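Shown next, in structure tokens, is the structure this report addresses.
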Amino acid sequence: MRNILITGVSRGLGLEIVKSILEEEDTVVYGISRSKSQGLVNLMDQYPFRLKWMSYDLNDVDHVRARIFKDFIGIQTPIHGFVNNAAVAYDDIVTNLNYEPLLDMYKVNVFTPMFVTKYVIRHFLLHQVKGSIVHVSSISVHTGYKGLAMYASSKGALEAFSKNTAREWGEKGIRSNILVAGFMETDMSATLTEDQKNRIYKRTSMKTPTTTKSVAATIRFLLSDLSRSITGQNVYVDSGTI
Amino acid sequence: MERLLQIVNTILENRGKNIVDDINPDTNLRNDLGFDSLDLAELTVRIEAEYDVDIFEDGVVMTIGDITKKIM
């Protein structure tokens, strides 16, 4: 059995990633999110033994090891992959920047994921697993959009973290990659107006939103042994953003 | 000390290095056992799994004696 830890599994892309990974019969998903959605409940009914879930707020930087790795997964259970998918967006123009929401966003998007990575790698070492880590980033890091500077900066931090993690742990066979996702039709982009969305989609080669299915399938590939020689990379799934 | 020796030798074996017959409180992890930073990370993890103590959490650990002080 291959055990995969995924954050932000209740909605949108996270739910799609879980679905995609559970299609492989030898996988077990350890899913984390703040709350349970109907979509997640349905999936747990469909996979009562292979989908495990725990409520955890990624704002909590301090209890990663105790709650996620000791209580939920268990020290004796090997982990083979980690998908850092959960994120919050702090959208505003830079001149309106406030510290509290910035810190909250960084806790969820960067600080707690860094600690999860710490303990995931420790887990890999303990069980001698050549594990795969995938962080979900955003095309906003590379193209720039008005109002997304703070959010994009948090994803840019993850990209640098992933590149260096790959370099540091490559000789143990541990891999780390970034999935750079284009704009998707999920709750995360729900606050954008149709006009804003259309302007964003016009900036892609395909003139369409990025599908969560395509992103999820690529993450599944990056977790699998088929991608054994890929590490330290940014993989763009973004409808060809220009 | 016996259990700690087993852990040390597991790490040496995993790295394809020669195992050692004994360790003592003065055994230096880097100089005597040839551990590099990745070996020390694996040592931390194996001791943490066994004794529930993160030996590197506060301060530097140089010798076997430094470890036994933290887990005893």
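Chain letters run A, B, ... following the sequence lines, proteins first and then strands; every chain starts at 1. In this text the structure is predicted, and so the values were computed from the model without any measurement.
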Working note: A:R122 + B:D54, criterion side-chain contact (heavy atoms from CB on, under 4.5 Å); need CA distance, chi angles, decisive distance, verdict. CA-CA 11 Å; A:R122 285 184 173 209; B:D54 184 343; 3.1 Å; yes
Should we count [atom1] of [X] as having more than 12 external heavy atoms under 6.0 Å?
X      : atom1 : result
B:M1   : CE    : yes
B:N18  : CG    : no
A:R11  : CZ    : no
A:K118 : NZ    : yes
A:K130 : NZ    : no
A:R34  : CZ    : no
A:Y106 : OH    : yes
A:E23  : CD    : yes

So which bits of residues 158-170 of chain A come within less than 4.5 Å of chain B, counting non-hydrogen atoms only? A:E168, A:W169
So, the part of B:T44 with a heavy atom under 4.5 Å from chain A: the answer is side chain
From A:Q128 atom CD to B:N14 atom CG, the distance as rounded to the nearest 0.5 Å: 3.5 Å
How far apart are the closest heavy atoms of A:L125 and B:E42, and which atoms are they? CD1-N, 4.1 Å
Are side-chain heavy atoms of B:E48 and A:L126 found at a separation under 4.5 Å? no
